[in-house]
Amino acid sequence: MTYLAKPKLLAADAPRNALGYTRRDYEGAISTLCAGCGHDSISASVVQACFDLDVEPHKVAKLSGIGCSSKTPDYFLGNSHGFNSVHGRMPSVLTGAALANRNLIYLGVSGDGDSASIGIGQFAHAMRRGVNMTYIVENNGVYGLTKGQFSATADKGSKSKKGVINSDNPIDLVALALQLGATYVARSFSGDKEQLVPLIKGALRHNGPAFIDVISPCVTFNNHSGSTKSYDYVREHNEAVNRVEVILPRDPIETSYPAGSLRRIVQHDGSILHLRKLAVDYDPSDRIGAMNHLQERHALGEIVTGLLYVDSSGQDMHAHLNTVEKPLNQLGDAYLCPGSKALDALNALLR
Amino acid sequence: MTYLAKPKLLAADAPRNALGYTRRDYEGAISTLCAGCGHDSISASVVQACFDLDVEPHKVAKLSGIGCSSKTPDYFLGNSHGFNSVHGRMPSVLTGAALANRNLIYLGVSGDGDSASIGIGQFAHAMRRGVNMTYIVENNGVYGLTKGQFSATADKGSKSKKGVINSDNPIDLVALALQLGATYVARSFSGDKEQLVPLIKGALRHNGPAFIDVISPCVTFNNHSGSTKSYDYVREHNEAVNRVEVILPRDPIETSYPAGSLRRIVQHDGSILHLRKLAVDYDPSDRIGAMNHLQERHALGEIVTGLLYVDSSGQDMHAHLNTVEKPLNQLGDAYLCPGSKALDALNALLR
Amino acid sequence: MTNAKSIQRCNDFVIKFANVNGSGSSSANELFARAVMRMGVPVAPRNIFPSNIQGLPTWYEVRVSEAGWLGARGGCDMMVAMNPQTWDRDVASIDPGGYLFYDSTKLLPPSKFRDDITVVGVPLTAICNNEYTDARQRQLFKNVMYIGALIALLDMDFTVVETLITDRYRGKDQLIQANINALRLGYDYARTNLPCPIGLTIAPADGVGDRIFIDGNSACGLGAVYGGATVAGWYPITPSTSVIESFSSYCRKYRTDPDNGRARYAIVQAEDELASIGMVIGAGWNGARAFTATSGPGISLMQEFFGLAYFAEIPAVIVDIQRGSPSTGMPTKTQQSDLLSCAYASHGDTRHVLLFPEDPYECFTFSALAFDLAERLQTPVFVLSDLDIGMNERLCAPFDWNDERRYDRGKLMTHDELEAGKDFGRYLDVDGDGIPYRTIPGTHPTRGAFFTRGTTRNPYAKYSESGADYVYNMERLRRKFDSAKTLVPAPVLQSASQPTRYGAIHFGSTAPAMAEASALLEADGIHVDTLRVRGFPFCDEILQFIADHEQVFVVEQNESGQLRSMLINEGEIDPKRLIRVLHYDGSPITARFIAGRIADALSDRKISPLRKVAL
Amino acid sequence: MTNAKSIQRCNDFVIKFANVNGSGSSSANELFARAVMRMGVPVAPRNIFPSNIQGLPTWYEVRVSEAGWLGARGGCDMMVAMNPQTWDRDVASIDPGGYLFYDSTKLLPPSKFRDDITVVGVPLTAICNNEYTDARQRQLFKNVMYIGALIALLDMDFTVVETLITDRYRGKDQLIQANINALRLGYDYARTNLPCPIGLTIAPADGVGDRIFIDGNSACGLGAVYGGATVAGWYPITPSTSVIESFSSYCRKYRTDPDNGRARYAIVQAEDELASIGMVIGAGWNGARAFTATSGPGISLMQEFFGLAYFAEIPAVIVDIQRGSPSTGMPTKTQQSDLLSCAYASHGDTRHVLLFPEDPYECFTFSALAFDLAERLQTPVFVLSDLDIGMNERLCAPFDWNDERRYDRGKLMTHDELEAGKDFGRYLDVDGDGIPYRTIPGTHPTRGAFFTRGTTRNPYAKYSESGADYVYNMERLRRKFDSAKTLVPAPVLQSASQPTRYGAIHFGSTAPAMAEASALLEADGIHVDTLRVRGFPFCDEILQFIADHEQVFVVEQNESGQLRSMLINEGEIDPKRLIRVLHYDGSPITARFIAGRIADALSDRKISPLRKVAL
Ligand SMILES: Cc1ncc(C[n+]2csc(CCOP(=O)(O)OP(=O)(O)O)c2C)c(N)n1
Ligand SMILES: Cc1ncc(C[n+]2csc(CCOP(=O)(O)OP(=O)(O)O)c2C)c(N)n1
Ligand code: SF4
Ligand code: SF4
Ligand SMILES: [Mg+2]
Ligand SMILES: [Mg+2]
């Protein structure tokens with residue numbers, strides 16, 4: 001609670017990353033969310049991922065919409081600029097920010113109401129436009145901040161805390177992201193940091209639109225039986241297709257693994273994704289296959305998690321626009337203003 | 001052109017349908033669209049479909065957004081109430097209309113810009129809500145009325161009249177409709193009335209959200225080579241999976257066909273869809289399979305047309321809401337107002 | 001331990017409960033307020049809560065006033081300090097001579113207290129811990145327990161609270177017993193260990209009469225049921241959400257078909273506000289009475305659709321529960337700051353009909369009326385309530401309904417009229433009131449169908465780009481708006497005890513504070529006639545009132561004086577004659593504030609508004 | 001065949017071309033207007049077009065005025081009637097004594113003509129058909145051909161048009177020849193078969209000077225380039241689309257990196273207006289100069305975001321090309337009716353900065369200026385142009401730019417200042433102008449980062465629900481808005497030839513008509529000082545002007561007198577002193593209309609506005 005001053009003392013031996021930062025340097029204000037809210041675990045995972053990747057906090061821009069989930073950027077990366085915009089419109093605001101400075105890391109945080117209900121249009125278009133960002137939806141199937149109404153990701157037939165049965169078809173944001181052109185698509189569970197942290201790391205190092213749908217139970221309004229977004233339900237129906245490990249160029253040369261069990265994907269920035277296959281034989285480079293698998297399992301009530309699709313060759317929005325290397329927000333007057341001579345010449349043509 | 005008075009004379013022997021109406025009774029104002037615009041052919045198909053089905057014109061409500069396509073409801077069914085609402089918002093207006101009176105036939109007409117760009121959110125939510133309607137998108141890949149900018153359905157790599165190459169991923173409304181819960185999903189081509197008319201008829205008789213994506217070339221801004229929405233391109237890449245015939249209960253008992261070649265689907269209202277398989281062996285009751293087929297062929301540059309998916313057992317929005325049979329807009333005061341006694345009782349509880 | 005100059009008051013004080021959000025205290029606090037009411041003493045409770053679900057501070061302020069003043073008073077005579085987070089400010093906020101009630105289980109250093117207040121400690125946690133094992137129970141019953149203690153301390157009637165509990169949990173006997181026991185524990189502890197009563201007491205009175213106790217949003221929902229609304233398209237947003245919750249629960253109660261259990265209504269949670277208002281407009285176009293409820297951000301998002309409904313002339317009802325703005329602003333605080341964005345909503349020249357309820361009674365009445373006006377005028381009608389009215393229970397006149405009353409569907413052309421060949425021009429002014437006839441889709445097989453659009457058209461609804469058609473339409477819309485003047489509720493005049501040159505105009509939730517302020521001013525010999533505006537467009541009485549007074553104060557809960565701007569513009573009033581009295585920090589306006597401002601203005605004659613505070 | 005009382009005028013008449021939409025006539029007509037300009041005669045062309053792509057009627061009205069009046073005049077001295085659909089109204093619209101030019105290929109009954117006009121027939125179709133085989137060619141060259149005939153009839157300089165064609169198709173010699181031949185065909189036919197010149201003639205003059213000929217939207221796009229805009233998020237909508245088309249073509253020309261051909265700008269066609277403004281706000285937050293261009297419906301859709309940018313204090317530029325409203329209204333007609341929805345955009349109490357360009361020169365200048373103001377004031381800045389300025393070519397002063405000028409980035413806290421430990425309160429008023437310092441994301445590793453939000457926060461950008469923090473912020477925003485008064489362009493005063501008690505206030509595209517109206521009135525001995533408002537908030541000169549005149553006419557192109565309302569509210573002006581002169585049928589306002597209204601008002605002294613036409 002922001003009302004309690006945050007303890008400042010820090011263990012002298014707290015581990016430091018390559019930049020000399022401790023985990024604490026990646027934390028933010030103290031959370032005001034309900035005790036046990038899945039969103040807080042996601043915040044912790046973001047902190048861990050950024051610490052592990054030696055991200056410079058001020059090189060990250062964190063943007064969100066409105067909702068409990070959208071509040072979380074206040075609770076991590078206190079040294080990063082943040083923007084809690086308006087409900088459902090984070091994608092456009094982030095797109096604009098990304099246009100202004102291609103050199104920052106863009107982290108968009110949203111909720112299922114924020115992205116699948118009011119924000120579905122902006123979500124869809126940010127994906128198809130190839131915005132270079134990590135887009136995390138903290139998906140609890142309800143509107144937490146307005147006290148538990150169904151959101152558009154609530155499964156058909158699932159029961160609300162008040163006992164209402166949802167009769168609308170659910171929107172599967174992962175399926176949409178796959179269809180609309182996201183080049184890094186994953187699903188995870190706030191209760192499984194081991195899976196989530198590497199997925200976030202991979203996304204932060206990915207070039208292009210990276211989408212992660214994180215099932216994140218709302219303990220206050222959607223953690224009862226009959227809900228398909230409760231801790232229990234997700235634990236029981238979680239089907240992880242793979243485990244990811246992110247290897248940075250500067251990391252020690254990896255030891256060899258039994259062939260087949262491991263898949264190695266080199267990303268645009270040189271980072272390497274190691275995918276260890278689990279249960280099913282799953283090919284994360286086959287977009288249509290991924291959609292197919294997803295839908296079939298969903299029909300069986302299973303929640304497919306892991307890195308579902310990755311295309312490390314994709315181009316991002318700036319490539320499409322062929323913009324200069326230097327961030328647009330850093331171009332000086334001389335680069336922008338054609339000056340009076342050009343104007344005189346133009347005037348001449350207009351007579 | 002509305003400026004030219006419409007010729008009123010009518011051949012005495014003009015064919016009449018069961019209601020005694022001629023085709024003319026299903027026409028509207030004279031089109032102001034460009035000569036050759038695909039949209040006009042769709043209007044003609046709507047007229048034909050309604051004539052064939054003996055639809056009572058005043059029992060149809062036609063709604064649209066804004067655009068050349070959205071103007072067309074003015075050019076057919078002159079005896080139906082029409083509503084040219086605001087850009088991209090037809091689905092919500094139609095949903096409200098459908099809530100008010102469950103007994104009319106709802107025909108929503110939109111464009112690709114109207115539905116896939118500004119309107120994608122309302123499109124998605126109308127589908128998942130199960131609104132009982134026929135939703136036709138007159139898809140030309142551009143914004144016609146604003147002079148030819150790319151819309152969100154323009155294929156990646158396709159060329160604009162001005163020579164610009166589209167770098168964004170396309171939105172495939174059919175794929176979305178399938179994913180979001182439409183129970184009747186088809187794609188057709190304005191140039192193929194033979195295919196289009198029965199698809200519209202089937203949709204009008206379908207219970208639940210019926211979506212038809214009609215590729216409808218914009219002769220003025222998107223009919224050049226390099227466009228994937230031109231008459232030539234669509235003719236060359238059109239892959240029809242089946243042909244539909246709509247049999248009304250009152251029609252003569254059908255003759256038998258060689259098994260396998262024909263599929264018979266009885267709709268909620270007793271009408272029967274006869275699907276004659278074409279080229280591929282295609283199962284229109286397999287939603288996931290349909291999506292798969294669609295995506296695979298799209299990857300090959302083909303445009304899959306026909307009745308792609310139909311589920312005649314689906315429930316519509318009114319079923320979900322368990323509303324009374326009588327249209328809400330016809331319930332009298334007595335049915336709506338609890339009256340003073342109830343109020344007195346309530347007051348007592350509030351003291 | 002009671003000290004000399006401690007406050008001594010009966011049936012006239014403010015008691016405030018400081019709690020933690022989500023700790024279940026609200027139902028206990030509400031129990032207290034109801035008990036006061038049941039004892040016949042007017043009470044006005046107010047929630048002060050954060051934009052958060054759990055863990056942050058909340059306050060419940062209860063004003064006890066036998067005189068019947070229901071506006072916020074300000075100050076605090078007794079603080080029930082249950083939230084350690086806010087202890088310091090809570091203690092500091094007690095009026096000198098006031099009382100502090102706290103959980104004395106943990107010992108606190110004297111520095112944590114004040115010596116000019118009376119401190120009353122009850123070891124609530126201790127008692128709970130040896131009574132209950134379950135953590136949640138300990139939490140919940142602690143709340144009930146302090147109510148018990150208060151009953152003793154304030155000399156209230158124990159049985160009244162008992163009955164309340166019995167009524168509330170009717171059927172759940174165990175719950176009833178458990179609660180009454182907790183209540184008793186607190187009561188007994190106080191009686192035996194504390195000097196009861198303290199200086200603040202509640203004595204039976206008959207100041208309540210037949211009034212009812214309900215929040216404005218519930219009343220709006222009920223009003224929509226009585227007004228014949230069958231379609232609601234909505235999107236959750238604080239503080240409007242409970243309007244729809246109320247509508248749906250009353251619909252379940254009153255609109256479920258007895259024969260087959262089916263619904264005579266349809267409520268759809270839309271994907272956003274654009275879709276909500278779109279559904280309302282579609283339903284209105286198709287002849288159903290439809291509405292939505294929202295707040296500021298929703299009003300902004302609906303602007304384009306408002307313009308369509310205005311120009312295409314489609315009935316629609318919008319209930320706007322105003323909150324702290326602009327932008328996300330202060331979502332859980334109150335304000336009256338959406339007047340301009342509703343009155344002139346959408347681009348271009350528009351004017352919209354507004355209704356300003358003062359309390360739950362008018363929330364009910366005006367919500368029902370709005371549907372008649374919307375169909376009569378074929379235009380959007382806005383019910384402008386606010387968080388203060390909407391989310392707090394308020395004593396108000398009992399709801400009433402005249403069973404003779406029939407819904408006014410407005411100018412609807414029927415099948416038979418069309419059949420008889422009656423001329424139908426959808427946008428034709430047939431009788432000078434600017435209101436045309438309309439047809440509902442499906443009315444007649446071959447006549448009466450028309451094409452609705454947001455573009456210009458001729459009186460027969462044919463598309464037109466002619467300037468003459470456009471001007472005809474705009475002038476007709478203007479006439480129509482004038483016709484609305486006599487249809488919206490007339491203003492309410494409250495004359496001072498003697499003729500005066502001074503007047504005050506106010507509206508909505510400012511009413512109780514204004515009434516009390518007038519009394520305070522009268523006491524100081526300052527006489528002010530007050531006029532409560534209840535609708536827009538403004539009828540002549542309002543302009544006459546301004547003409548009749550030399551100086552008119554316009555009392556509002558916004559920063560720029562929005563009603564004043566509208567009065568000046570619509571009434572062609574010289575701004576100099578209208579003096580702003582503006583309160584806009586998100587807390588409900590108080591009589592002390594209003595009286596103070598008016599007195600100052602009249603005393604030091606600084607009555608002409610300064611340029612820098614122009615709209 | 002020329003009849004007695006036919007109009008005889010040189011360099012002072014209106015000629016109108018009636019064509020069919022999409023028939024390629026516009027470029028030919030434009031050629032004609034340019035030719036007049038090249039002959040040194042001021043010319044003011046206006047397109048009158050439908051909301052349609054092909055087949056509906058369009059008109060191109062060219063006012064030739066050596067006196068230099070560029071406003072619409074009304075009436076028509078010569079009609080070039082090329083559209084059978086509209087023949088009757090076109091013929092009827094010619095002033096008595098005027099001229100009718102038509103395609104005489106098909107014989108028309110005398111009933112189709114008037115005997116009080118001079119009819120000039122050229123068998124265009126016939127000539128074309130035996131000259132060209134291809135249908136499209138026949139269509140296109142017919143247009144060029146009637147221009148050729150007009151050159152002869154109006155006694156214009158053939159070589160001027162030849163050169164224009166040569167310039168236009170430079171490099172495409174075949175096209176040049178083909179066009180000149182067609183031109184020649186028409187010219188020769190007229191010379192040999194018709195009495196040339198007719199009563200209307202164009203003689204060389206030097207009334208044009210160094211002025212340039214361009215449309216306002218192109219100028220806005222160019223202004224954005226000079227203003228340093230690097231990001232544009234937009235959504236197509238008439239009449240604003242060409243602003244972005246211009247911006248992108250000028251960017252390609254001036255902002256392509258010479259070394260690698262890469263873009264020093266980013267233009268994204270968004271999915272809708274909410275996304276457009278969202279992108280602009282995101283880019284502005286991140287330190288780039290960003291803008292969008294839209295029209296009424298877009299302004300309505302952007303309302304919520306405007307409130308966010310206002311309250312979170314983010315620079316943004318919005319170019320609004322106003323059109324006929326409300327709703328879809330008259331999308332291809334002009335109006336000045338978005339003032340209120342921009343000035344007080346979004347729910348709650350807000351005030352926004354507006355700029356009112358009068359012509360392409362100011363479209364350029366103000367568009368560039370807007371970016372400095374947006375960053376200096378950290379708020380949205382609106383450039384309010386309209387269809388009349390935006391989509392018609394207009395003679396205006398040549399663009400100029402001072403190379404010494406540097407972009408004003410406003411109060412930006414730098415890395416070094418932060419490093420040096422300078423106190424940074426994002427919402428702290430450090431020097432009384434109400435404008436706080438901001439940091440751009442990425443500025444400093446450990447200092448200067450803050451969390452931007454639309455909710456209330458304290459001066460150090462920490463989340464807050466405190467009323468005091470809210471009020472501090474609102475008062476600071478008010479101070480900030482006052483600071484803007486001296487930053488927006490000052491009004492332009494045009495004094496009458498002698499001291500007068502009457503004044504007229506106007507803005508934007510009304511300027512040329514107002515200037516001409518003053519002259520007309522002066523001629524009748526009515527003297528009116530005029531003041532052209534160029535920005536909002538209103539500076540003191542404007543209020544002084546009102547104070548200095550007994551009666552002030554406020555001339556606007558909207559139905560409710562929106563600028564007048566703003567003047568009354570912001571300036572605390574007695575409405576009685578401001579008289580509405582409103583023209584709003586979608587056609588550009590004329591001097592005749594303004595002068596007529598003012599003369600009437602002053603003559604029959606009906607000068608106090610009537611209640612019924614209040615805002
Ligand atoms: C325009 C607008 N409409 C409605 C709201 C109210 N509102 C705030 S948060 C929210 C839903 C949040 O749901 P979700 O995105 O799933 O976040 P969660 O709280 O569940 O994490 C709503 C409807 C708003 N702030 N703005
Ligand atoms: C809010 C809003 N924004 C923009 C416009 C301008 N506009 C009119 S039609 C249109 C696009 C139409 O494209 P589409 O839906 O594909 O229809 P088409 O003309 O291609 O048939 C646009 C952007 C508008 N009318 N309203
Ligand atoms: S309401 Fe739900 S989503 Fe919001 S903070 Fe509490 S648990 Fe989390
Ligand atoms: S512009 Fe294109 S879509 Fe519009 S009417 Fe013409 S051909 Fe049809
Ligand atoms: Mg959620
Ligand atoms: Mg299109």
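Order of the sequence lines sets the chain letters (A, B, ...), proteins ahead of strands, with each chain counted from 1. Computed from a predicted model, the values in this text were never measured in an experiment.
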Of all heavy-atom pairs between [X] and [Y], which one has the smallest distance, and what is that distance?
X	Y	value
B:Asp311	B:Ser313	OD1-OG, 2.6 Å
A:His320	B:Asp168	ND1-OD1, 4.2 Å
B:Ser117	B:Tyr143	OG-OH, 2.9 Å

Measuring heavy-atom distances to chain A, does [X] have an atom under 4.5 Å in its side chain, in its backbone, in both, or in neither?
X	result
B:Gln122	neither
B:Ala116	backbone
B:Ile165	neither

I'd like to know if A:Asp172 and A:Arg187 make a salt bridge, using a cut-off of under 4.0 Å between side-chain N and carboxylate O.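 Here A:Asp172 pairs with A:Arg187 in a salt bridge, since their nearest N and O are under 4.0 Å apart.
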Under a 4.0 Å threshold between the charged nitrogen and the carboxylate oxygen, would A:Lys229 count as salt-bridged to A:Asp112?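 A salt bridge is absent here (no side-chain N lies under 4.0 Å from a carboxylate O).
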How are the rings of B:Tyr135 and B:Phe123 set relative to one another: parallel (under 30°), tilted (30 to 60°) or perpendicular (over 60°)? perpendicular
Residues from residues 87-101 of chain A approaching chain B under 4.5 Å (heavy atoms): none
Does the side chain of B:His298 come within less than 4.5 Å of B:Asp155's, by heavy atoms?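 They are in contact (side-chain heavy atoms under 4.5 Å apart), so the answer is yes.
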Do you know which of [options] has the most heavy-atom pairs with chain B at a distance under 4.5 angstrom?
options	value
A:Ala124, A:Ala175, A:Gly130	A:Ala175
A:Arg287, A:Gln179, A:Gln315	A:Gln179
A:Asn292, A:Ile118, A:Ile120, A:Leu321	A:Asn292
A:Gln295, A:Arg128, A:Met317	A:Arg128

Based on non-hydrogen pairs under 4.5 Å, which of B:Gly289, B:Pro170, B:Ala299, B:Ala152 is most in contact with chain A?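 Between B:Gly289, B:Pro170, B:Ala299, B:Ala152, the count favours B:Ala152.
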So for atom NE2, which belongs to A:His224, do other residues, nucleotides or ligands contribute more than 12 heavy atoms lying within a distance under 6.0 Å?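 Counting neighbours around NE2 of A:His224, more than 12 heavy atoms of other residues, nucleotides or ligands fall under 6.0 Å, so yes.
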Would one find more than 12 heavy atoms of other residues, nucleotides or ligands at under 6.0 Å from atom NE2 of A:His237?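 More than 12 within 6.0 Å, yes.
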Test A:Asn139 against A:Thr153 for side chain to side chain donor-acceptor pair (under 3.5 Å), laying out the working first. CA-CA 8 Å; A:Asn139 185 353; A:Thr153 66; 2.8 Å; yes
